[in-house]
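Working notes, structure below.
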Amino acid sequence: MQSPVKYLSRKGWHQTAIIAIIGGIYVFGSWILNFDNLNGLLAIPKAFAWLGVNFRPNANTMEYLPRILQKLIQTVLLAIASTVVAAIISIFVALLGSKVTGINGFVQTIVRGIASFFRNIPLVAWSMILLFSFKQSDFTGFLALLLMSIGYLIRAFMEIIEDEASETMLALKATGASYFQVIFQAVLPQILPSILSWILYMIENNVRDATLVGILTGTGIGFIFDIYYKSFRFDAAGMTVLAIIFVVIALEIISNQIRKVIL
Amino acid sequence: MLEVKSLEKSYEKDKPALTDISFDIKPGTFVAIIGPSGAGKTTILRSLNQLIKDDGGQILLDGHDIRTANKTELRKYRRQIGMVFQNYNLVERLTVIENVLHGRLGYKSTLAGVFGRYTQAEKEEAMSLLKKVGLENFALQRCSELSGGQKQRVGIARSLIQHPKVILCDEPIASLDPASAQNVMELLKDLTEEYNLICIANLHQINMAKKYADQIIGIRKGHLVFDENADMLSEDILKTLYDQDITKELE
Ligand SMILES: Nc1ncnc2c1ncn2[C@@H]1O[C@H](COP(=O)(O)OP(=O)(O)OP(=O)(O)O)[C@@H](O)[C@H]1O
Ligand SMILES: [Mg+2]
């Protein structure tokens, strides 16, 4: 038996050691990469000052606004569409693959494999791969977001089903209810709030990611940001960034409101 | 009449969870299964409606062996066997009456059940059962808004609407305060008499078992060590059952 005092002092010692190790790795890494800490730090205010001067929208920038808004709406719709389609597909797959509603161990392993495959290939890589087959189009962006979202949502939905639905499932099974009755009467109603909460989170996330995907696939808000930036119209690029920030924050506020109502 | 003969179960090889369990229960009997944690009480109860597949023996409900039933037959047996859970296992987001009506699913076609289409008669019965368990004013309330004792009474109404011959209760009062616990035990006892049910409850409270049960079954390490009228339960038997002196709990 360890005494509590000994245990706690040991724990403190462990924490110190871990912090020291992390610090060591940082110093070692900077040395390898030839990264000059001091100058790096000093550059940050300069960078912001440059941003402030060059990216500040001015009176002339306003003429870009309609175009920016149009592309922004396009991007938000793309994010919503890909998330909703991904959610519908993921629910079915998660039902097939979860430990409590799943078909068998073999299918469960396959589903887990597919989900982690989609999840672990970076979004940028997905976009590049899909560009070969689908060229620069909205559909390429849609597909890249879709595959990525499916990877995350399958995994999340399976965990939700396993955590939240197994007890009620058991109860309905015991009444003599059939598989589909159990799914529709117990599992789906029970998991609905958590599922919606995940979908909302995924939409917020996909609006952000759609910007990046747009730069690669030449669509949406990412595309015009890229154009403005490369043609040195920094004021318009700044305006675009502000618009994106505004929309992302607005979406977050809206989805928090929705969460409050449904949960 | 429920007859269990030489029931066997092991989850892992050479580690039997149940060994040669046999007992009979007549209709209108309230039975308590007692025994230390890990003795095999839940395993027995879940074998009775085959939520757990046991390894051998017979489970006869009015002479028919549930263990040999195919999928369709098993559905028919299960709807005659209600189940009440320690954590109530209700669909919390749905209303009280929807949860009660879930007890009818075993009688419905898959499609009617999937869409939750219930007949007028079923809805009326659900209401009258809610009245019986004292929740007639809560029919349209969400289950998440109820207290533990109220939830357990919804669970009981859900099992009653199955028109069961047997009700299985796995620690029905373990999550309840003393007053709600008494209330639920009395309800189960009364219903057993009124509907001539076989009611089997796993209990950790020996005083409750003594007070409400007609018959007590004692399980220890997967073996049946006691199966008698409740008033035959002595301190000596409790000592062997629990490997220790817990007579104080009886007072
Ligand atoms: N799914 C399982 N897999 C493996 N072993 C199990 C499983 N379920 C139960 N057991 C084992 O079987 C034995 C009986 O368990 P059971 O749950 O029936 O006990 P219990 O009498 O209900 O206990 P408690 O009073 O704690 O609920 C225990 O030793 C337990 O560890
Ligand atoms: Mg148990």
Side-chain angles (χ1 to χ4, degrees), chain A residues 87-88 91-92 94-96 98-105 107-108 156-200 255 257-263, chain B residues 45-46 48-52 69 71-95 98-118 142-144 154-155 158-164 166-168 170:
Chain A
I88 293 168
I91 288 241
F92 283 108
L95 284 172
L96 293 179
S98 86
K99 279 194 199 104
V100 291
T101 56
I103 303 177
N104 57 37
V107 177
Q108 283 165 29
F157 290 177
M158 284 200 300
E159 269 169 21
I160 291 171
I161 293 171
E162 282 159 17
D163 288 352
E164 299 182 7
S166 58
E167 289 201 330
T168 43
M169 252 193 84
L170 196 68
L172 288 221
K173 212 168 140 191
T175 68
S178 65
Y179 178 78
F180 286 103
Q181 291 176 340
V182 174
I183 297 289
F184 280 87
Q185 289 294 317
V187 178
L188 292 182
Q190 185 82 7
I191 63 176
L192 195 67
S194 310
I195 295 268
L196 284 178
S197 180
W198 258 95
I199 292 176
L200 291 171
S255 57
Q257 284 312 105
I258 299 178
R259 276 199 192 93
K260 248 185 231 159
V261 176
I262 56 170
L263 290 182
Chain B
L45 222 59
R46 294 196 174 179
L48 294 182
N49 61 2
Q50 296 287 293
L51 285 179
I52 289 177
K71 235 176 151 185
T72 327
E73 289 166 344
L74 184 58
R75 254 191 101 188
K76 285 191 179 136
Y77 285 121
R78 278 188 180 154
R79 68 195 193 192
Q80 299 175 46
I81 305 174
M83 198 162 203
V84 172
F85 298 82
Q86 175 181 347
N87 298 322
Y88 330 119
N89 296 22
L90 306 171
V91 184
E92 300 268 329
R93 268 190 66 257
L94 298 182
T95 58
E98 282 171 302
N99 271 283
V100 175
L101 285 165
H102 279 164
R104 294 303 297 172
L105 288 174
Y107 291 89
K108 306 192 81 68
S109 74
T110 291
L111 223 55
V114 161
F115 292 110
R117 300 230 157 264
Y118 301 97
R142 271 194 195 193
C143 283
S144 52
V154 176
R158 175 174 69 188
S159 70
L160 284 178
I161 205 169
Q162 291 177 237
H163 300 164
V166 182
I167 293 187
L168 309 171
D170 199 353

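These numbers come from a predicted model, not from an experiment. FYI, side chains are in, hydrogens and waters are out, and symmetry mates aren't considered; it's all heavy atoms of this structure.
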Worksheet item: Which bit of B:Thr72 comes within less than 4.5 Å of chain A, counting heavy atoms only: side chain, backbone, both or neither?
Response: neither
Worksheet entry | Residue part contacting chain A, namely of B:Lys76, when any heavy atom lies under 4.5 Å | neither
Discussion item. With a 4.5 angstrom heavy-atom cut-off, is it the side chain or the backbone of B:Ile81 that approaches chain A, or both, or neither?
Written reply: backbone
Fill in: Top contributor to chain B interface from A:Ala165, A:Ala186, A:Ser178, A:Ser166 [non-hydrogen pairs under 4.5 Å]
A:Ser178
Worksheet, complete the sentence: Between the CZ atom in A:Phe184 and the CG atom in A:Leu172, the distance rounded to the nearest 0.5 Å is 13.5 Å
Discussion item. As an exercise: rank B:Gln50, B:Glu92, B:Arg93 by heavy-atom pairs under 4.5 Å with chain A and give me the winner.
Written reply: B:Arg93
Item to complete: Tell me, please, which residues at least two apart from B:Arg104 pass salt bridge (charged side-chain N to carboxylate O under 4.0 Å, His left out).
Response: B:Glu122
Worksheet item: Where does A:Ile183 contact chain B at under 4.5 Å (heavy atoms): side chain, backbone, both or neither?
Response: neither
Worksheet item: Roughly how far, to the nearest 0.5 Å, is the CD1 atom of A:Ile195 from the CD atom of A:Glu164?
Response: 8.5 Å
Worksheet item: For residues B:Thr95 and B:Arg142, is any side-chain donor paired with an opposing acceptor at under 3.5 Å?
Response: no
Let me have the donor-acceptor pairs involving side chains of residues 82-91 of chain B, under 3.5 Å, with sequence neighbours excluded, atom names and distances please.
| residue | atom | partner | partner atom | Å |
| --- | --- | --- | --- | --- |
| B:Gln86 | NE2 | B:Ser175 | OG | 3.4 |
| B:Asn87 | ND2 | A:Glu167 | OE2 | 3.3 |
| B:Asn89 | ND2 | A:Glu167 | O | 2.8 |

